[in-house]
Amino acid sequence: MPPEYIPTEIEKKWQERWAADHLYEVEESDPRPKWYALTMFPYTSGDLHIGHWYAMAPSDVHARFKRMQGYKVLHPMGFDAFGLPAENAAIKRGIQPRKWTMDNVENMRRQLKSIGAVYDWRREAITCVPEYYRWTQWLFLQLYKGGLAYRAKAPANWCPSCQTVLANEQVKDGQCERCDTPVTHRDLEQWFLRITNYAEELLRHDGIEWPERIKIMQRNWIGRSEGAELSFDISHLGLPEKDLRVFTTRPDTVYGVTFMVLAPEHPLVPALTAPQRRAEVEAYVESARRETEIQRLSTEREKTGVALGTEAVVPFNGRRVPLLIADYVLLGYGTGVVMGVPAHDQRDFDFAKKYGLPIPIVIAPPDWNGKDLTEAYVAEGTMVNSGPFEGTPSEQGKAAVAEYAQQKGWGGPKVSYRLRDWLISRQRYWGAPIPIVYCPHCGTVPVPETELPVLLPDEAEFKPTGESPLKYVQGFVSTRCPQCGHPAQRETDTMDTFICSSWYFLRYTSPGYDKGAWDPERMHHWMPVDQYTGGAEHATMHLLYARFFTKALRDLGLVSCDEPFLRLFNQGTIVLGHHKMSKSRGNVVTPDVYVGEHGADAVRMYLMFLGPWEHGGEWNDAGLNGVVRWLNRVWRLALEDSSVLGSVVSSEEARRALLRVTHQTIRRVTQDLETFQFNTMVAALMEFTNYLGQVWQDRTADKELWHFARDTLLLLLAPSTPHLAEELWVRTGHTYSIHSQPFPTWDDTLAAEEQITLVIQVNGRLRDRVTVPASIPEARAKELALSQEKVQPHVAGKQVEKVVYVPGRLVNIVVR
RNA sequence: GCCCGGGUGGCGGAAUCGGCAGACGCGACGGACUUAAAAUCCGUUCCCCGGUGAGGGGGUGUGGGUUCGAGACCCACCCCGGGCACCA
């Protein structure tokens, strides 16, 4: 009787052995080619759920596969540890955020180790420890010195529940990305990073293999529009500003402008408001400010606005047009002012109808009969009532008008982006303090690098006041100006945690390095990341920020690559009750129970077998049994006493068949691993096991051949079920460790089919199948097909029109 | 509204370049072993007609089309998921 498969025992044993032998620690001096395999690090929520495993187990399998293929694989792990939940725990349960977070780290590290992954734990990075955020602050200072960080007062997205501002990327459908609370607006002095400087480069995804979907999302997010900036004269109002500039994608319609609309928050609104209009305008501005993002962005709502009582002059035709404000105009896009062309823009059309403004047609539809429009005509046409451009096709008119404007000094061609600068200030406690001091004499002064880190004080009141809790920590706020030594105050906002995760992949290359954020040589050695895996929900947040950071740091001479992540794969999400698992929602399934019962190997395998990795899906453990049963079969089969095969002389045919199936399996498994098609890889391994079971039962393999096939199975299993494979490898008389063995390679000649099933159709309908040599000549195949008994009734008495032959597949007899 | 994915048995899913639809597994049903159960092993399992056989017909969201041949390609539509959305 072979011993029983007790996963928990062997898993514990091998995990300890691998750690003791430093099996998965990688050194730069290792001469093998490098492979940097990275999985998005988890947030320190407290418990690893099955969704985390779904992200991490298959990516570890891929990393292990690369390892066996001869790469030295850097596959690090760490913790995204700053963030609001730690603060909420402090408020709710009176636990200090640091303690709450570090306890979670302890627990999650233990859970992560149970996966049996190749993580090199010496390289662990935890973003909330001073040794890490010291360099987060240092990087902020480099960006500041490079002119990429600035402070400005602007209306910011405000989450009333989180009591902090949010970046645009963190607002989804007008709601806070974290807590789904409707977002409002606040005017605050905030720190921004100039991601817009990189808009054009971020649009290009040169040299990186990313899913098309993610690239499209990023392109949509950046939102490049070509058009013109045109100026409208307001010099007659006697203000310091002599013109109002607008961005438009339709400069060809400028002769149709009949009004202009400013965003209610536009700084020129007070100056442009006529005294008799002031009360109404102020009331409107106030109501617009109070609206939530959702109300304001609703496209269903009727357009509202008020007139300022002043006018601008369209320089192209001298028309005087009224100035208005309306909340459909956004301060943050373009110049915050739009030209109203009611005939050729539906929003302007609706607005003009409501307020009784004229709607002159300046782009004639091809079949225009001179009548008024019932809706805006937004398609191409011929320019009419357009001065020197009369008769120009509108498509050409766009560039022509922009060009003309440039000559006349009324503006010119312009590209505009939807992307805004990244707002990084947060009125929260649990984050990296922004290393800035405000001095009454010297103004905004960066903290000297030698004084970093600016330590986050442990004691703070977590009252949700809308201001950073740090504001009330006197010992933190009160400081001296690094320049003049006079009493000064520290910035009390902390940084968006997405800053911390914008460079963690760089820190992994040289953990513990204390002369900089990373060791330039080691960073250069490992970067860029060869394979990144993680959820698609980060398309326009983390993935965009990390690319921006890399490019900005490259321009500051700190990073040696243009892109951080060469290849990207997005696994799907495991949901429960149609919701993403999250601790706050309370729908988490912990893997610990399954691991305790069936072992990590079975859970790893099952997660891969569920379906295509990119799909994710509803969690259901019903099929786990099947994987457990199979692994037990593998166990028993591998440990069968092969000495009983000593007398077997396998036939040449059986020999070739086993070799063929083995090599075909190596090919299938290898190709599936390379393309992340884990589910079909598992199926291939199951089929191979079934086949070997049959071979064993029939005793058709001699001992040597059996050992070859069995060992191949173990080697192919090694990335997926590392513990089981190791145990069986050693038990079958091999030397530890299977994970230092090369991955099997296949021989196409041996894998080639000798016999094929030739499908015989009549008029495309299956009538028979015959087994024939793969090399069968076309004439013979057709002849064979026509002579088949089952084919006869379907061709008898009919005219054979033609016979289609697809080599290696089928013959289709077309009859009439 | 616009832009991406996707829709295949009771379930998860497979199907290379247009060539045997349903691999692999779950579940279910039947059987072997057992005093019994668990475990294990064997068989059946898309639907309909036919006798439970031989055989035939239908079938990959719906309706058309291209083709010797369509799950895959084209057109129109329905549904589901994701992204963007008053972006001038």
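FYI, side chains are in, hydrogens and waters are out, and symmetry mates aren't considered; it's all heavy atoms of this structure.
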Nearest to side-chain heavy atoms of [X], which nucleotide of [options]:
X	options	result
A:S225	B:G12, B:A88, B:C26	B:A88
A:I216	B:C24, B:A88, B:C4	B:C4
A:Y333	B:G83, B:G19, B:C87	B:C87

Whole angstroms only, please: what is the CH2-P distance between A:W613 and B:G5? 21 Å

Rounded to whole Å, how long is the line connecting atom CG of A:L262 with atom P of B:A88? 17 Å

Taking atom NZ of A:K398 as the centre, does the number of heavy atoms from other residues, nucleotides or ligands within less than 6.0 Å exceed 12? yes

[atom1] atoms of [N] and [M], separation to the nearest Å:
N	M	atom1	answer
B:G7	B:C77	C1'	14 Å
B:U45	B:A23	C1'	15 Å
B:C42	B:C24	P	13 Å
B:A21	B:G56	P	13 Å
B:U44	B:G22	P	14 Å

With the side chain counted from C-beta on, respond yes when A:E209 and A:L568 share a heavy-atom pair under 4.5 Å apart, and no when they do not. no

Taking the side chain as every heavy atom from C-beta outward, state whether A:Y255 and A:P360 have any pair of such atoms under 4.5 Å apart. no

If the glycosidic angle is within 90 degrees of 0 it's syn, otherwise anti, so just tell me which one B:G59 is. anti

